[in-house]
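Worksheet for the structure shown next.
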Amino acid sequence: MNTYFLPGAGIFGGIKVGFQFAEALAAAGVKIVMALADAEAPQWFRSTAPIVDRAAALAALRPGDVAIFSFPGDHAELKATPARLVFHCQGTAPEIDPILADPDVTILTCWQQAQDHAQARGRQSIPVGIAVSDCFFHDGTPKHRDAVSFMPRRGGRIARDVALAHPCLDLVPIDGLHEDAVAAIMKRSRFYLATSVGEWFGLPALEAMAAGCIVLSVPVVGGRDYLRDGENCLLGEPGDMPALLARLTGPDALHLRDRLRTGAMAAASNFRPSRHWAMVRQALAAELGAVVSWS
């Protein structure tokens, strides 16, 4: 059996990415369950992946079972079990270095920067990709001319500076919502502010690109895999955000806005769930197929 261990059901991108990967595996014929405390299911996105109690799943691990995890803090606990360990790498914080140094752990990477990070530490990884949920892709919903959406949990001060500099714009916070509601806000927003400095990948910015938003982003890490300054977004330091937005809302910015929006939607199309599933099937036909349990 394959069991994906997660630290909780809260609104964190890594939780959703874990479930999406499990669904891709299941679609390819791999049996997998998600292990969360008290078998609590996330309520903020849809998933068909079965959920079991984490403590019971941990106690039931046997030789031949596969334990998948993405939270670095789970490494030590799972290492004490007889299961084969698979690390679904969703970020390159220093906390993952002991995992990369463990030769008994198979490393899966979701984007190129993570793959390069593992390789620089002497580990080959298996690329398995990442996806944007279908609900985010723009469907013709009319855009509100002055709507600027953002997520206040990280970078609220940046958004406040933008609001003070642009009182005529409508800043729309996104926090604590189901992903369908998040998608609806993004589809109506003309702009999206990505305010989480140093984000490992920045999935919300990619979701906003899929929704047809013009994205302004602070520096990120793995997000450079898809963010192209001047081609599909504008990148700048936190203090640059008011000026960048002024540049985008100016009277001569029509062609720039069109170019960035078209480029953003084109970039996001590479992260359709169908493409993610195809990448996972390809990995299973090669190295990953020898790692997972098929029983």
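- Checking Thr48 against Glu23 by side-chain atom types alone, a donor-acceptor pair falls below 3.5 Å.
- Atom CG of Asp225 sits about 9.0 Å away from atom CG of Leu227, to the nearest 0.5 Å.
- A tilted orientation is assigned to the rings of Tyr226 and Phe201, their planes being inclined by 30° to 60°.
- Salt-bridge formation is not detected for the pair Asp65/Arg84: no Lys NZ or Arg NE/NH1/NH2 atom is positioned less than 4.0 Å from an Asp or Glu carboxylate oxygen.
- Atom CG of Leu36 is separated from atom CZ of Phe19 by 5.0 Å, given to the nearest 0.5 angstrom.
- One distance of note links SG of Cys135 with CE of Met186; it measures 10.0 Å at 0.5 Å rounding.
- With hydrogens and angles disregarded, a donor-acceptor distance shorter than 3.5 Å links the side chain of Arg121 to the backbone of His117.
- Note that the CD1 atom of Ile126 and the OG1 atom of Thr109 stand 8.5 Å from one another [nearest 0.5 Å].
- Remark: Asp74 engages Arg54 in a salt bridge, criterion side-chain N to carboxylate O under 4.0 Å.
- Salt-bridge annotation for Arg259 and Glu231: absent, with no side-chain N of the basic residue lying under 4.0 Å from a carboxylate O of the acidic one.
- Using a 30° and 60° split on the angle between ring planes, His88 and Tyr4 fall in the perpendicular class, above 60°.
- In this structure, Gln112 places its CD atom where more than 12 heavy-atom neighbours from other residues, nucleotides or ligands lie under 6.0 Å away.
- Defined by atom type and a distance below 3.5 Å, a donor-acceptor pair is missing between the side-chain atoms of Ser133 and Glu207.
- Residues His138 and Arg261 have side chains that bring a donor and an acceptor to within less than 3.5 angstrom of each other.
- Apart from Leu248 itself, the hydrophobic cluster it occupies contains Val148, Phe150, Ile158, Val162, Leu169, Leu171, Phe191, Leu193, Val197, Ile214, Leu216, Val218, Leu234, Met241, Leu244, Leu245, Leu256, Leu260, where clustering links Ile, Leu, Val, Met, Phe, Trp and Tyr at side-chain heavy-atom distances under 4.5 Å.
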Legend entry - From CA spacing to verdict: salt bridge (Lys or Arg N to Asp or Glu O under 4.0 Å), Asp104, Lys79: CA-CA 9 Å; Asp104 296 327; Lys79 181 73 173 176; 3.0 Å; yes
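- Within the model, atoms CD of Gln115 and CD1 of Ile107 stand 12.0 Å from one another, a figure rounded to the nearest 0.5 Å.
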Inset, instruction - Test salt bridge (Lys or Arg N to Asp or Glu O under 4.0 Å) on Asp146 and Arg190 and set out the steps. - result: CA-CA 7 Å; Asp146 297 325; Arg190 193 182 192 190; 5.3 Å; no
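- There is no path of hydrophobic side-chain contacts, each under 4.5 Å, that joins Leu203 to Met279.
- In terms of the side chain to side chain contact (heavy atoms under 4.5 Å, CB included) criterion, residue partners of Leu254 (sequence neighbours excluded) are, by chain and number, Arg257, Asp258.
- Asp102 and His75 share a side-chain donor-acceptor pair at under 3.5 Å.
- Here the NZ atom belonging to Lys187 is positioned 13.5 Å from the NE2 atom belonging to His144, to the nearest 0.5 angstrom.
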